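Scroll down for the structure; my scribbles are underneath it.
These numbers were taken from a predicted model, which means no experiment stands behind them. Every chain is numbered from 1, with letters handed out A, B, ... down the list of sequences.
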There are 2 protein chains.
Amino acid sequence: MTKKRVTSQDVANLAGVSRTTVSLVLNDVKGANIPEATRQRVFEAVKTLGYVPNEAARALVSQRSKAIGLVLTRDPSHIDTDAFLPRIITGLLEVVKKHNLRLLIESVNVDHQDQVYLQLARAKRIDGMILSTPRIDDTALRQLEDVGIPTVMMGLLSDSDLYSVDVNNRLAARKAVDYLLRLGHTKIACISNAPESYTASPDRVQGYRDALEAAGIEMDNDLICFGDFDPQSGYDRMKSLLALDKKFTAAFVASDNVAIGAKAALRAAGLKVPDDVSLIGFDDIPWAQYSDPPLTTIRLPAQELAKSSCLMLIDIMQGLEPVDKKLILETELVVRSSCRKLD
Amino acid sequence: MTKKRVTSQDVANLAGVSRTTVSLVLNDVKGANIPEATRQRVFEAVKTLGYVPNEAARALVSQRSKAIGLVLTRDPSHIDTDAFLPRIITGLLEVVKKHNLRLLIESVNVDHQDQVYLQLARAKRIDGMILSTPRIDDTALRQLEDVGIPTVMMGLLSDSDLYSVDVNNRLAARKAVDYLLRLGHTKIACISNAPESYTASPDRVQGYRDALEAAGIEMDNDLICFGDFDPQSGYDRMKSLLALDKKFTAAFVASDNVAIGAKAALRAAGLKVPDDVSLIGFDDIPWAQYSDPPLTTIRLPAQELAKSSCLMLIDIMQGLEPVDKKLILETELVVRSSCRKLD
DNA sequence: ATACCAAACTAACACGTGTTACTAACTCGT
DNA sequence: ACGAGTTAGTAACACGTGTTAGTTTGGTAT
């Protein structure tokens, strides 16, 4: 009754060869000369028995698990509303599958990150890892280099030696604000995507600053605030901004997801987009183009980000030096209808 | 220079005991009597060396990988815009972490599903799996039972013996349409969430039918069509419906994600929600409450679905018979502002 | 003094694979 | 005929852990 496990020994027995030969055939070892007839016998036996090599045994002897990990360094509550995660995942899955790897997902609560990193790495559960949304104050990142597990960051940590793939957040933000400036706006509010400790956030604010400065517009720090990933935070921040009564005519919200909430707050205040306030987002999540009005935003190549990270990681895992240690992908201004020209 | 791997033997040496003792201490085996002093010595050594047990070796000997798999049975393009996936993942991660398991994500392209299922199961990469969005015509599901890997389906396949967790799609859909009926609508269009082959889809349409029938309203099959997961499909279907010129006053769209597109199509046709057409969705994705107008919808307890599936799976993996073989969770009508009362 | 027993530990096997070093047989040029 | 090389295959070890059966040590009852 109990399903007997099928091992390579069983295959060997059925094919009338040794276990070694089975291994040589299945792994297509080129040094060994196995005549076609024998190979076929082995394949036949494999098929008959439905044999699948035990990954644990294989991992043990080869010292590699053939899996990579995607580590999310955010609170689950923030991940919940992340409209990008699915794209990241499909991007990773595509590459991972092509290379016969598996994808492990792990989230670390900000408290004891160190443990988790080391655990995963040392336990050899994964051969490499992709870190998403790194934080500036993440001390565990330093330790990571000691463990010596191949790592790629999606998102740049400027003062780190680790490999990374990212967009130029600063430049992209500037592109967005420059666009608003071209439309004639001068009083422009800014809601960033996340708290300052997440690296992309201050970068995007800096881009906002760059644009205003280049245009010779005086900065009003009251108009700058930091969201917290989800729409609710956008709603709250926009409400606060409106309470200041500063009469801004446009807002740069450095995350479409946060912009969703910001827009709701504008509506609640009786303000229309773009008639009363122009709104430009960041990311181009799927929702953006179907919003009412369709949201003008900066397109972040989410899937490319994921794929490139993954490919880079695989290179590193194979001991190859990737062409770029820090790869920067292009962003693109996507003009829709949420910004109007000021007369 | 080369980082030497730390094994339990090293720990044993440092602590001045045998490797067996180390294992007994670390796994807290109750039969063995290890005095407190020795235990402390072992823990000390573990800490000093930064020892972490090799998972592959552990998996090999214990015949369990301590990982579960989430298998997505959809095209990547559909997963991309799935606003629910993040919630599912955080739900799973929460439970998984609590039980010291890992989460593996796998997508199977509809073509060769069988292989993938079997591969994962036989290779012992995972101890159990959660299937999302099962399809009616999925023959591999049958084979799955043969392999004998614990499996839970998120989404019900009525004629299958497998364990499952789902909502009552039919009843939930009826709730939605009943609400529209109460508001006085009688010409109600229906766009389902997915092609008919995905089980939830025909169920929801059936709920729509139930409601109309109970109200004694004649059915117009032209008003029923099937979306395809993403907003674009909603846009297309709604456009087709409008082209029929059937003058419906309300639409039940069995997926918020599809509803996003449907709403855009209405807008493109110069129709306002809810003034011209009332719109009710399904799922209550994060976007729904921030939509303009806020979308009335049926709340699907995504995270609960994930958690319950996971808990059920863990029960099964431990050989326990879960209380319900087919668990049904509650849905809830969430009234917002996308439906108006007809006079 | 001997038998017995519990406490504290350990030697040795099993898990299923990849791989190296080796053998036996067969071919071939001289 | 004979050494050299090739071909086809295998025995045996390594990977790092969990676990069983067994061994020593020291104490205690008979």
What nucleic acid atoms does A:V29 come within less than 4.0 Å of, heavy atoms only: base, sugar-phosphate, or nothing? nothing
Determine the contact category for A:S23: base if any of its heavy atoms lies under 4.0 Å from a base atom, sugar-phosphate if only primed atoms, P, OP1 or OP2 are that close, otherwise nothing. base
Would you call A:R87-A:D82 a salt bridge at under 4.0 Å N-O? no
Using a heavy-atom cut-off of 4.0 Å to chain B, what are the terminal contacting nucleotides of DNA chain D, in 5' to 3' order? D:dG16 to D:dT20
B:L24 vs A:L24, nearer the 5' end of DNA chain D by closest nucleotide: A:L24
So, the side chain of B:T73 versus the backbone of B:S132: is there a donor-acceptor pair under 3.5 Å, distance only? yes
Spacing of CG belonging to A:L92 relative to CD1 belonging to A:I130, to within rounding of 0.5 Å: 4.5 Å
Please determine, by modelled atom types, if A:S23 and A:T20 share a side-chain donor-acceptor pair under 3.5 angstrom. no
Would you say B:R64 has more than 12 foreign heavy atoms packed within less than 6.0 Å of its CZ? no
With a 4.0 Å cut-off on heavy atoms, is B:T7 in touch with a base, just the backbone sugar-phosphate, or nothing at all? sugar-phosphate
Whole-Å distance, A:N33 CG to C:dT27 P, equals 15 Å
Verify, without hydrogens or angle tests, whether A:S308 (side chain) and A:L305 (backbone) share a donor-acceptor contact under 3.5 angstrom. no
Let me test you: for the helix from C:dA1-D:dT30 to C:dT30-D:dA1, what is the angle between the axes at its two ends (five pairs each), rounded to 10 degrees? 60°
Ordered by number, residues from residues 56-63 of chain A within less than 4.0 Å of DNA chain D (heavy atoms) are A:L60, A:V61, A:Q63
A side-chain contact here means heavy atoms from C-beta on lying under 4.5 Å apart; do B:T90 and A:S107 qualify? no
Could a donor-acceptor pair under 3.5 angstrom be found where the side chain of A:T20 meets the base of C:dT19? yes
With the side chain counted from C-beta on, respond yes when B:P322 and B:I316 share a heavy-atom pair under 4.5 Å apart, and no when they do not. yes
Interatomic distance, NZ@A:K325 vs OG@A:S164, rounded to 0.5 Å, equals 9.5 Å
Given side chains that start at C-beta, do those of B:V25 and B:F43 come closer than 4.5 Å, heavy atoms only? yes
Indicate the ring-plane relationship of B:F229 and B:H78, choosing parallel, tilted or perpendicular according to the 30° and 60° boundaries. tilted
